[in-house]
Amino acid sequence: MEKFSLGNAVSLPAWETLCPEPFFTGETLKETLIGGQAFRWFWDCTNECWIGGWASHVVALRLNDQRLESARLTSQTTPDDILHYLGIDRVQPWIDQLPCNADPVLESLRQRWSSLSLLRQPAEETLLAFICSSNKQILQIRTMLHNLSIRFGTKIPGTPLSTLPDWKSLANVSEADLRACALGYRAAHIAGTAAFLRESPDFLRTINQLPLADASDALQRLPGVGPKVADCLLLFGYGFAEAFPVDTWIEKILKEKYPDLAKWNRVQLATFARIHFGKAGGLAQQWMFAEARTNK
DNA sequence: GTGCTACCTGG
DNA sequence: CAGGTAGCA
């Protein structure tokens, strides 16, 4: 278990079937929830389910004989909210756009990961999470976000979670107080981005309307956002399926699977990926990440 | 434009 | 060293 737990035993509302058709496996559900896109899902040993949230939503999820079930801990959350967040509807259309038939590497990844989903996460909290992510492992990112939510977020009644602070409130937090959440040098990036967004409150909402390259350039004007974090934001927070974040794991696995790329740098690898994997490359990226992460 | 290196923290 | 970025040769 992690050093921050869910606290006292959580009592859940009724379970309901979220999705009658089988979709996830235990493995793909887990990788979807805690495999590096989201950092606010926790395994509840007592109830044997995942509990987590986004924005002010908190839900429990489990597989019951392949059927996905949910228990809604926040009353305003609807089943459609959950399905929208989980993004299951996008998976098959995106798989259909990948060149699995032409590329045996992809085809073999598809066998294992075809029911992995890319979540539709709120852009604001995706930004916070991925500014924290630089030079950090998933566990440490989870700790930082947990600290931020406890310290500067709002307790969500009837649930073990607090919301993450919004950017407006982060603008009023000193860098020293941010550092106290174990953010290290990222505290300056958070403070700088909060100040930027205070001056341009609509900035994050304008990203949607831009083409991929322009959206990436715009995001990189934010302190703490470079090419890799920008791609994470575009893929996880804005639904650009073509965005292809290249981190150390992806760099390693790409160079293993495609030896000609041995001398390419990360930006070059991202360009290769957009050409080779195409419009849904981001999904291929997540398959590779899951493969690398679970084989380590 | 490309290629280093320092930067916080903790598993 | 770890799911990078910023600042400078």
Side-chain angles (χ1 to χ4, degrees), chain A residues 1-5 30-41 109 113 116 118-119 121 125-148 150-151 173-196 213 216-237 243-257 261-273 281-296:
Chain A
M1 273 313 275
E2 304 173 21
K3 70 177 184 183
F4 51 93
S5 70
K30 177 180 180 182
E31 277 305 299
T32 298
L33 297 178
I34 66 165
Q37 348 176 19
F39 305 92
R40 310 238 311 138
W41 288 91
L109 289 166
W113 297 112
L116 186 71
L118 286 163
L119 302 169
Q121 302 188 71
E125 49 185 73
T126 313
L127 177 59
L128 185 58
F130 283 92
I131 291 179
C132 290
S133 75
S134 87
N135 233 324
K136 282 293 180 193
Q137 302 178 141
I138 288 174
L139 183 58
Q140 298 170 291
I141 302 167
R142 293 168 65 90
T143 303
M144 291 187 273
L145 293 173
H146 181 74
N147 292 343
L148 285 167
I150 297 297
R151 190 95 166 62
V173 177
S174 72
E175 197 179 313
D177 286 345
L178 291 172
R179 274 187 183 258
C181 294
L183 298 189
Y185 63 82
R186 300 157 199 82
H189 297 155
I190 300 287
T193 291
F196 183 107
S216 176
D217 288 346
L219 288 169
Q220 289 181 58
R221 290 165 55 200
L222 300 170
V225 179
K228 188 270 181 182
V229 170
D231 273 331
C232 289
L233 301 178
L234 293 170
L235 182 60
F236 304 138
F244 194 97
V246 180
D247 56 34
T248 56
W249 293 94
I250 298 298
E251 181 175 2
K252 184 160 167 271
I253 197 168
L254 275 177
K255 288 177 175 179
E256 275 170 23
K257 307 282 188 189
L261 303 174
K263 293 191 174 232
W264 295 37
N265 70 30
R266 289 196 187 180
V267 175
Q268 292 167 327
L269 291 172
T271 305
F272 161 82
L283 184 59
Q285 182 273 353
Q286 208 58 27
W287 289 354
M288 285 188 239
F289 189 74
E291 184 74 15
R293 210 176 85 82
T294 51
N295 289 349
K296 75 182 171 190

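Atom set for the values below is all heavy atoms of this structure, side chains included, hydrogens, waters and symmetry mates excluded.
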Donor-acceptor contacts, no H, no angles, side chain residues 184-194 of chain A, under 3.5 Å, sequence neighbours left out:
unit_1   : atom_1 : unit_2   : atom_2 : d
A:Tyr185 : OH     : A:Ser134 : OG     : 3.0
A:Arg186 : NE     : A:Cys132 : O      : 3.3
A:Arg186 : NE     : A:Ser134 : O      : 2.9
A:Arg186 : NH1    : A:Leu183 : O      : 2.9
A:Arg186 : NH2    : A:Ser134 : O      : 2.8
A:Thr193 : OG1    : A:His189 : O      : 3.1
A:Thr193 : OG1    : A:Pro223 : O      : 2.8

Looking across every strand, which nucleic acid part, if any, lies under 4.0 Å from A:Leu222 by heavy atom: base, sugar-phosphate, or nothing?
sugar-phosphate

How is A:Ile138 classified with respect to the nucleic acid when contacts are heavy atoms under 4.0 Å: base, sugar-phosphate, or nothing?
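Touches a base.
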
Phosphate OP1/OP2 of [N]: any [X] side-chain N/O under 4.0 Å:
X	N	answer
A:Asn135	C:dC1	no
A:Arg179	B:dC8	yes
A:Arg186	C:dT5	no

Mate of B:dC8 across any strand shown (Watson-Crick or G-U wobble, both atom pairs under 3.5 Å) is none

Side chain of A:Lys136: nearest nucleotide among C:dA6, B:dG3, B:dT9?
B:dT9

Using heavy atoms and a sub-4.0 Å distance, could you list which residues of residues 244-252 of chain A are near DNA chain B? By number, please.
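Within residues 244-252 of chain A, no residue comes under 4.0 Å of DNA chain B.
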
Acceptor/donor pairs from residues 245-253 of chain A side chains to any protein atom, 3.5 angstrom cut, sequence neighbours excluded:
unit_1   : atom_1 : unit_2   : atom_2 : d
A:Asp247 : OD1    : A:Trp249 : N      : 2.9
A:Asp247 : OD1    : A:Ile250 : N      : 2.8
A:Glu251 : OE1    : A:Arg266 : NE     : 2.9
A:Glu251 : OE1    : A:Arg266 : NH2    : 3.4
A:Glu251 : OE2    : A:Lys255 : NZ     : 3.1

Heavy-atom closest pair, residues A:Phe244 and A:Leu254
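Nearest heavy atoms, A:Phe244 then A:Leu254: CE2-CD1, 4.0 Å.
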
Using heavy-atom distances to pick each residue's nearest nucleotide on DNA chain C, tell me which of A:Val225 and A:Cys232 is more 5'.
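Per heavy-atom nearest nucleotide, the more 5' residue is A:Cys232.
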
Relative to the 5' end of DNA chain B, which residue comes earlier, A:Ser134 or A:Gln137, by the nucleotide with the nearest heavy atom?
A:Ser134

